> 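Dumping the structure here so I can ask a few things about it.
Chain A is the first sequence line, chain B the second, and so forth, proteins listed ahead of strands; every chain is numbered from 1. All values derive from a computational prediction rather than experimental measurement.
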Amino acid sequence: MTQNYRLDNIGLINRDKKLSFKFNGKNYFGYEGDTLASALLANGVHLIGRSFKYHRPRGFFGAGVDEPYAIVQLYRNNETEPNVKTTEQELFEGLEATSVNCWPSVNFDIGAINNFLKIFLPAGFYYKTFMWPKSFWYKVYEPIIRKAAGLGVASIKHDKERYEHKYEYCDLLIAGSGPSGLASAYAAAKNGARVILAEDKPRFGGTLLTSEVNIGNQTGKEWAENIISELKEMPNVIVKNRSQVFGYYDHNMLVMSEKLSDHLPKTKEYHPKQRLWYIRAKEVLISSGSIERPLVFGNNDTPGVMLSSAAKEYLKVYGVLVGKKPLIFTNNDSGYETAIEFKKNGVEPIILDTRKEPNSEIIEEAKNLGIQIKFSYVVVAAKGYKKVKSAEVAKISDDKNELGILENITCDCICVSGFWTPTIHLASQSGNKTKFDKDIDAFVPGVSKQSETTLGAANGTFTLAETLKDSFNAGYELSKKITKNDNKILHPTVVEKNKTTHDKFWCVPLPKGKNYKRFLDFQNDVAVSDIEIALKEGYRSIEHVKRYTTLGMATDQGKTSNLNGLQLVSNIENKIVPEVGHTTFRPPYTPVTIGAIVGREVGKHSRPTRKSPLHSWHEKNNAVFVDAGVWLRPRYYKIGKETLFEGSKREAKNVRANVGVCDVTTLGKIDIKGPDAAELLNRVYTNAWLKLPVGKARYGVMLREDGIVMDDGTTTRISENHYHMTTTTAQAANVLSHIEYYLQLVWPELNVNVVSTTEQWAGAAIAGPKSRNLLQKLFPNIDASTEGLPFMGYMEADLFGVHARIFRISFSGELAYEVNVESDNGNFMWEKIMEVGQEFKIQPYGTEALSTLRIEMGHIAGSELDGRTIPYDNSLEGLVSKKKDFIGKRSLDRKAFIAEDRQKVVGVVPIDKKTSIPEGSHLVKDAMAPIPNPKLGYISASCWSVEYDNPFSLAILKDGKNMIGQKLFAMSPLKNKTIPVEIVSSHYVDPKGERVRS
Amino acid sequence: MLNIKCPHCGMRSQNEFSYGGDATIKRPELNKEVSDQDWDNFVYNRKSLRGKHKELWQHISGCRQWIKVERDTATHEIFKTVKAHEDI
Ligand SMILES: [Zn+2]
């Protein structure tokens, strides 16, 4: 197939490398260096999709980031991506794309029927039509609307691509590599500044690639190429193409997305698809250029109507003619540049200029080339459905209100230029209060808010000479401020054709008796009439008009439509644009892949995985792991085909009968040193700490200032001024911060130091009636008797040549010890315990057995200390000192906390002694009571009691202390269960606590 | 993302810090009578200011020091940062 619209000798594409691709199932080819848009246009394809609301045919409007219509569903390497702009997607071998938003096909679209139902879908249509009856919304309206609307389809598969994040610091970040970006980067880099230059397109140079200008003795394009190659060689400069600075955040933090692989058929192995850069810049230079504004006329959304600058770019960069009979419709000199390029390449354009008698060098040139120009002429409407076939044109009166006789001009494209809108998004995001510039009918940045400077067309400067002068100066001055260097570059001379002023006219009136749709927002199908309706209905704020009509709310975020929308509102309201104000620019400037935002923090990498030093032993011994906060802990050690229930029951039984060993390394550990350490503990914990002797441990509970239990654990006095605190695994970090807060801010007079030692110690809990025999064998030189090492006692000893700490503390309720050694010796300790313990039938036990053991003993843990309970609720009131003050004490006499029927922890047993009660079940008096059934309490933890061989749960129950013996119902609507239960003491096993003291 | 100058470590990104609330709140002294109102003011009542706000941050992934920061809650401008024991 030949490319009928491709020229032979112009453009920056590589004609030696042909690439084949598919669009809507049909095969085409293009060249390396094409975008999907340019390749399709080269093949004469103008129909690309259907519009959002009316399903009108859609073609190409721009050639870059501003493209409102030409978006496709892209297929690459067995993945699919929705809403890809064809104007940004570079062509690669084997690319496949399909139209979005049309069914059953782009050529025959059933939804287009909407277009003929005149009353259908005006502004606010959804709000007005689908409001009543209310019950219809979810079941009827929403599903239909969702099916009819919507653009592409997101993949539901896991994204296999890799996305990276990078942090970078620089003196100057320069967004955009057009003339202003290049000049400022060059001047700053030559003056020693660390520069990052970012360009969103594959090619550097911006408008220099398409304008006929000379800088020094080079063409604009040559100059750009030379500057870029020089910059790339400089060690203080990072030059990035395919990189869009999309967000300007606080304190000069900017975020840039770099597309490394989107232009390749497949991402290289171990390479990222995209990289998100977080850049903290000392100074930011915004050289993001400007976007051409559309002119508004009847059926101006017909495929073939496009921006004149886009037509020029397709021609000069890609060697593609967007038409062979172009009509140029302009209100300024830019349209002439496009016309001249057509003419030079053998195509006869016709120019319609809204102005009466403009005069400039470029207009002269067009006249000298013999281009047909019609002054005071406008396009009234485009004719043709799927493609422009002709234009209805007319002369327009000097006051722009009266149209002359309608004439017809045959054409195959209409290139429009309504002057230029500076791209002020980044400046506005930084907090810059933008101001309206009447000369260019657009907003420009005002006073800088953060350290940002806007240059060139983005600042409303449209001549190259002025742009380069400003940019060289800015690059030099800003770099000088930072580097204190003084190397100034000589400004090159510039040759460019002068231009004259534009016409403020941009919206063609409707001829009598015609009701053409004149579109403002091409992606969301917002027409002039929609804005008129919104204003008639009383909407005034531009933010409201925007939301009511959806103007500027599509994926292009109104890059081509916002300003015309504002102009229209101000015209109708008889206001000037700055009074109407513009809607807020928010990041991102262009859509950003969620994967890039998430980066590598997906799945298992969404947070760090912490492993105990004994992890590999657990793995070798068939541990089934469970996430405990950020830690991986053995849940049970599987033997054969054991289930969790069977395995954990076996392990827990063995603890009750013989001895078990559990990895408790994950417990938080804080080392506390200093002469005031005891005083600190006394203030942090609810119980008394001043008289704890050296060599003894004590259990403690700490509160938040609001009286809620924060954490519990044991603290041991190692020596006179040295304590070892343990916290729960989950609260370790919070407790450390909490203590640091009081030491640094509230009681700085306390002479104490705290430091986390969680990672420094490996811990093993040895529990069960035979644990003393085991301990004695492990440490033959100590007196392991209850006199030698009593309950809550502590000693240091030698474990086969390794220093160890021994704590006689118990979580399981059995006679138990915790042995700590330095982490590096953890594995040695564990293997010794297992080896010596064989004779006592030792088995390792995991967190499930650990839970079982503590639940049936009525020991509270994280599921009871859930941020809603006070000491009393957990039956810990005995540990609350009446004599001394401590953190949170004053809150404990709050009315609700001392209520007679205050909630309290209780035990719960199913009446049938068989049915396990789901955690989270609610306790109610009457299972048949109407909903909402008054809740008396909730199940906090459940287990299978190995002592009694029946289910047992803990619950936090209203008036718990008077409820023992009561019969209630545990209801779990989630599991659809209603279980009759009896309330018993929370201390189900060994209520007097004799075992731990044995 | 804010850029906060830790008085101990220098300029660091916000993601090294954790926020700690109003820096002007004084904890009532231990072992002293505190009225319900004063205690409520200490534990619960906070102003949600628009404008200059003196607040605490902890350099949790750095030196672990609590610091005081004066920041505009609307613009995020940071005027001053001082060490825990210094007045702001
Ligand atoms: Zn610090």
> Count the heavy-atom pairs under 4.5 Å between each of B:His85, B:Arg64, B:Gln58, B:His76 and chain A, then report the option with the highest count.
B:Arg64

> Any idea how B:Phe17 and B:Trp57 line up, ring-wise: parallel (<30°), tilted (30 to 60°), or perpendicular (>60°)?
perpendicular

> Would you mind checking which part of A:Phe886 comes under 4.5 Å of any heavy atom in chain B, side chain (CB onward), backbone (N, CA, C, O), both or neither?
backbone

> Can you tell me how the ring of A:Tyr742 sits relative to the ring of A:His738, calling it parallel under 30°, perpendicular over 60° and tilted otherwise?
perpendicular

> Please indicate whether B:Glu29 has more than 12 foreign heavy atoms, meaning atoms of other residues, nucleotides or ligands, lying under 6.0 Å from its CD.
no

> Is it the side chain or the backbone of B:Val43 that comes within 4.5 Å of chain A heavy atoms, both, or neither?
side chain

> Between A:Ser606 (side chain only) and A:Glu601 (backbone N and O only), is there a donor and an acceptor less than 3.5 Å apart?
no

> Is it the backbone or the side chain of A:Tyr741 that comes under 4.5 Å from a heavy atom of chain B, or both, or neither?
both

> With a 4.5 angstrom heavy-atom cut-off, could you sort out which part of B:Asn15 is near chain A: side chain, backbone, both or neither?
side chain

> At a heavy-atom separation under 4.5 Å, does B:Ser18 approach chain A through its side chain, its backbone, both, or neither?
neither

> Pick one of side chain, backbone, both or neither for B:Asp40, based on which atoms fall under 4.5 Å of a heavy atom in chain A.
neither

> Name the residue from B:Lys83, B:His59, B:Glu16, B:Met11 that meets the side chain to side chain contact (heavy atoms under 4.5 Å, CB included) definition with B:Cys6.
B:His59

> Kindly check if the number of other-residue, nucleotide or ligand heavy atoms within 6.0 Å of CZ (B:Arg46) is above 12?
yes

> Could you tell me whether A:Ile594 atom CD1 has more than 12 heavy atoms of other residues or ligands within 6.0 Å of it?
no

> Which atom pair, heavy atoms only, marks the closest approach of A:Leu172 to A:Leu285?
CD2-CD1, 3.3 Å

> Where does B:Lys68 contact chain A at under 4.5 Å (heavy atoms): side chain, backbone, both or neither?
side chain

> Side chain, backbone, both or neither: which part of A:Lys449 has a heavy atom under 4.5 Å from chain B?
side chain

> By a 4.5 Å heavy-atom criterion (distance strictly below it), what part of B:Gln65 contacts chain A: side chain, backbone, both, or neither?
both

> Counting only non-hydrogen atoms closer than 4.5 Å, does B:Ile60 touch chain A with its backbone (N, CA, C, O), its side chain (CB onward), both, or neither?
side chain

> Contact part of A:Arg683 toward chain B, heavy-atom cut-off under 4.5 Å: side chain, backbone, both or neither?
side chain

> Which bit of A:Leu736 is near chain B, if near means a heavy-atom gap under 4.5 Å: side chain, backbone, both or neither?
both

> Is there a donor in the side chain of A:Ser891 and an acceptor in the side chain of A:Asp706, or the other way round, less than 3.5 Å apart?
no

> Examine whether an atom of B:Trp66 lies under 4.5 Å from a heavy atom of chain A, and if so say whether it belongs to the side chain, the backbone or both; otherwise answer neither.
both

